[in-house]
Amino acid sequence: MGDFDLSSSFIPSLHKPSSLLPTARHRESLLYLIETFPVTIVVGQTGSGKTTQIPQYLDQAGWCADGKIIAVTQPRRVAATTVATRVAEEMRCILGQEVGYSIRFEDLTSAATRIKFLTDGLLLREALIDPLLSRYSVIMVDEAHERSLSSDVLLGVLKKIRKRRPDLRVVVSSATLQAEDFLRFFVGDSADHGGTGSEIGGSVGRIISLEGRMYPVDIHYLEQPAEDYVERAVKTVFDIHSNEPDGDILMFLTGREEINTVIELIADRAGSLHAKAQSIMPLPLYAGLTTEQQIYVFEPSPENTRKVIVATNIAEASVTIDGIVYVIDCGYVKLRAYNPTTGIETLTATPVSKASATQRAGRAGRTKPGKCYRLYTEQAYTTLDEATIPEIQRSNLAPVILQLKALGIDNIARFDYPTPPPAELVIRALELLYSLSALDDYAKLTKPLGMRMAELAVEPMMAKVLLSASAFGCLSEMLSIAAMTSLQGAVWFYHDGSKETTESARRKFAVEEGDHLTLLNVYQAFVTKGKKEAKWCRDNYLNFKSMTRAVSIRNQLTRYLERFGVRIDDLSASKDVLRAGGPDKAEQIRRCLTTGFFAHAARMQPDGTFRTVSGGTALHAHPSSLMFNRKADWVVFHEVMETGNKTFIREVTKIEKGWLVEYAPDYYQVKR
DNA sequence: GAGCACTGC
């Protein structure tokens, strides 16, 4: 490894008896701070035990008296369930009793629950029913440094609630870098500013640091920039393999295509390894794989074999793999961003932030001292941003604004976010919500339409469609379509080398009018012919986990609509649902889609690409779409996304031009 | 003729 420049940094380890965890030494100070100040920022590295221990200390200290609950939010569903299980074990109680969790589709809590783990998105939903979150004495927002859309909004809402609930205690867990920012956020412009000067927190809050437990990780940089990091990554694998002791390798790349390339290259070159040498086993890991395809990375390496896990950013925080000693970091990540001028989302490979690079390196030091090879120079490292731009500054904010309005926060411009989004994003969101009639001329939430749209767990355009559907007599169908589009493309799975079979499997479900009706067909087949079985899915190249999820989503949406008093027409008895309601059922569905997706209308050009009414860039039907190689005139689409140099539309359905003016007269008069 | 990083309600 001669061409790597060696410098070191120490990143602290995991799974120790709880009495030995660093948090235990800080128990009294933690409890004192939380008792004394409304806001406590906890800087706790991996292995500090903050997530599992702090709620137990709080419970023991009496924060659950009078039936109050301690809430701990997590950014991901798995985190909420696994941490709750662990704490229930430590407290020797049955999960769902004193300790429980609540995530979408699963509520394992009871009247006895004192400590509740939940996703941050779900706690925000609870605020719709209980605006002051009055059931909770303490709310701990874990992993706030990840800056997810919902944790940022939650922090803003908690800051507001705090003013009306002096008894509420907020605990924010953060990485070092952002701790002061979070504290300043809670202090800023606050009624009880005050304080003694030197402390930023004043009377509002304090920061407490808990050391983590990890092994040191040596960081190695390239001396010269790599011309091709894919090639360089493969070389590094073999350098490690021939020169370094046992231990598995985790490699960070940006996406599926790159991962497959690297896996092939490693497999090719592994053939020329010494016959007696330890063998090498490359394994892919990215979200698009099915559960069965993912489990291999978690199994211990076979005898005399070194695993090389080639992963996307999924391995940075969402998924933890034991036995990793070496990390190879390409220095890039694919990030989504929303352009408020064009309304187009981009997905682009971007240099990682320093915080991200540190997190990736830390994956090497969980079980013993490790090494991290960065495929860039130390000079390049110094130019990286400190932290990734928060989602709230690069997302379509229509769902966020709708949610805030539903929480009674009318003055969107003055809402206090941890970092405010650009005004253009807010304006674009307000315009869209107005065009969908979710907001009135005074930007007030309309009732019941806007309020119901906020309550439905689908994006505003689809929410509008669902709420129009019974008038078109296609509510049952639209519920299935909404559930299927919520899967965001994860309907089919892709198997290398079997493209043709995948295509022919898909063709079986194809419906001339477009992708939405095709998705409906798939859903119907899964619940009838397929009997909701995994085997049927495999035979048809469908992702079983996704299909099961679609059933749950559909059930949940159905319950919401029933609560709104909308009658669900039952068509479950008919075999051919599309034609069951008469020959124009498909047309009703397409008309209904237009009532929500009129702003996503486009017309096919002679060259086969699409243009919106306002012109703009050429839109290509995504290769996964039925419209990829078919003729069409006017269409509506679910989503538009730019990847590489092309802009793709996904989930495309044929409509009539006249419907646009019929269902969105204001929108289309202005445009022409 | 060619493909979606990752979460969440």
Side-chain angles (χ1 to χ4, degrees), chain A residues 73-80 102-107 118-128 143 146-154 252-260 285-289 311-319 330 332-337 345-350 352 356 388 391 394-395 399-400 402-403 406 453-460 462-463 482-483 486-494 496 499 502-503 549 552-553 556-557 559-560 607-609 620-625 627-630 639-651:
Chain A
T73 73
Q74 294 294 321
R76 284 168 289 277
R77 294 162 55 90
V78 271
S102 192
I103 58 179
R104 188 182 185 185
F105 313 129
E106 263 179 85
D107 180 15
L118 73 175
T119 48
D120 35 36
L122 198 63
L123 186 62
L124 269 177
R125 293 254 149 197
E126 285 190 9
L128 284 178
E143 316 288 354
E146 289 189 17
R147 304 300 306 274
S148 73
L149 212 44
S150 46
S151 77
D152 267 15
V153 174
L154 179 61
F252 287 98
L253 295 177
T254 64
R256 191 183 50 159
E257 204 177 319
E258 255 175 33
I259 289 172
N260 289 335
L285 178 65
Y286 49 88
L289 293 174
T312 60
N313 221 33
I314 192 172
E316 191 178 299
S318 312
V319 166
C330 80
Y332 286 86
V333 61
K334 273 188 190 168
L335 280 186
R336 203 196 268 264
E345 283 197 308
T346 52
L347 190 67
T348 327
T350 315
V352 293
S356 210
T388 311
E391 272 186 297
R394 52 183 169 88
S395 303
V400 171
L402 189 60
Q403 194 165 30
M453 283 172 65
E455 287 183 63
L456 285 170
V458 289
E459 337 87 289
M462 189 53 93
S486 295
L487 303 176
Q488 293 166 295
V491 178
W492 275 275
F493 64 80
Y494 303 87
D496 292 317
K499 279 179 189 165
T502 313
E503 282 309 307
R549 190 176 156 79
S552 305
I553 296 172
Q556 194 187 43
L557 293 172
R559 283 197 300 274
Y560 270 105
D607 67 357
T609 65
H620 299 257
H622 191 274
S624 66
S625 169
M627 296 302 154
F628 180 60
N629 50 13
R630 289 183 199 210
E639 197 183 32
V640 51
M641 182 170 271
E642 186 190 320
T643 53
N645 298 321
K646 273 189 179 173
T647 306
F648 293 100
I649 52 178
R650 310 170 66 91
E651 263 75 81

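Letters go in sequence order (proteins before strands), and every chain restarts at 1.
- Taking for each of A:Ala457 and A:Gly255 the nucleotide of DNA chain B with the nearest heavy atom, the 5'-most of the two is the partner of A:Gly255.
- Of the candidates B:dA2, B:dC4, B:dC9, the closest approach to any side-chain atom of A:Arg104 belongs to B:dC9.
- Taken to the nearest 0.5 Å, the NZ atom of A:Lys334 stands 11.5 Å off from the CG atom of A:Asn313.
- Rounded to whole Å, atom P of B:dT7 lies 19 Å from atom CG of A:Leu118.
- Nearest to the side-chain atoms of A:Thr643 among the listed nucleotides B:dG1, B:dG3, B:dC4 stands B:dC4.
- Using a 4.0 Å heavy-atom criterion, one finds that A:Ile103 contacts the sugar-phosphate atoms exclusively.
- Contacts of A:Asn629 with the nucleic acid, taken as non-hydrogen atoms under 4.0 Å apart, include base atoms.
- For A:Arg76, the side-chain hydrogen bond (donor to acceptor under 3.5 Å, both in side chains) test picks out A:Glu146, with sequence neighbours left out.
- A:Gln74 places no side-chain N or O within 3.5 Å of a backbone atom of A:Ala80 that could act as its donor or acceptor partner.
- Distance from the side chain of A:Arg76 is smallest for B:dG8 among the nucleotides B:dC6, B:dG8, B:dC9.
- We find that CZ of A:Arg256 is positioned 15 Å from C1' of B:dC6, with the value rounded to whole Å.
- Spacing between atom CD of A:Glu143 and atom P of B:dC6 amounts to 18 Å, rounded to whole angstrom units.
- As rounded to whole Å, 14 Å separates atom C1' of B:dC9 from atom CD of A:Glu106.
- The side chain of A:Phe628 lies closest to B:dA2, out of B:dT7, B:dA2, B:dC9.
- The shortest distance between side-chain heavy atoms of A:Val352 and A:Phe252 does not fall below 4.5 Å.
- Separating the CH2 atom of A:Trp492 from the C1' atom of B:dG3 is a distance of 14 Å, rounded to the nearest angstrom.
- The CZ atom of A:Arg549 sits 10 Å away from the P atom of B:dT7 (whole-angstrom rounding).
- Per the geometry, CD1 belonging to A:Ile314 stands 17 Å off P belonging to B:dC4, to the nearest Å.
- A donor and an acceptor atom never sit less than 3.5 Å apart when one is taken from the side chain of A:Arg336 and the other from the base of B:dC4.
- Each of A:Thr254 and A:Leu456 was matched to the nucleotide of DNA chain B holding its nearest heavy atom; the match closer to the 5' end belongs to A:Thr254.
- At the heavy-atom level, A:Arg125 lies under 4.0 Å from base atoms of the strands shown.
- Under the rule for a side-chain hydrogen bond (donor to acceptor under 3.5 Å, both in side chains), A:Thr312 has no partner lying at least two apart in sequence or in another chain.
- One finds the CZ atom of A:Arg125 at 13.0 Å from the CG atom of A:Leu118 (value rounded to the nearest 0.5 Å).
- Counting non-hydrogen atoms under 4.0 angstrom, A:Glu146 reaches nothing in the nucleic acid.
- When distances are taken from the side chain of A:Arg650 to each of B:dC4, B:dC9, B:dA5, the shortest belongs to B:dC4.
- Across all strands, A:Thr119 comes closer than 4.0 Å only to sugar-phosphate atoms, never to a base (heavy-atom distances).
- Residue A:Glu639 is classed as a base contact, given a heavy-atom separation below 4.0 Å to a base.
- When each of B:dA2, B:dC9, B:dC4 is scored by its nearest atom to the side-chain atoms of A:Arg77, the top-ranked nucleotide is B:dC9.
- Under 4.0 angstrom from either OP1 or OP2 of B:dC6 there lies at least one side-chain N or O belonging to A:Thr312.
- With B:dC9, B:dG3, B:dC6 as the candidates, the nucleotide lying closest to the side chain of A:His622 is B:dG3.
- Within the 4.0 angstrom heavy-atom criterion, base atoms lie near A:Leu347.
- B:dC9 atom P lies 14 Å from atom CG of A:Leu487, rounded to whole Å.
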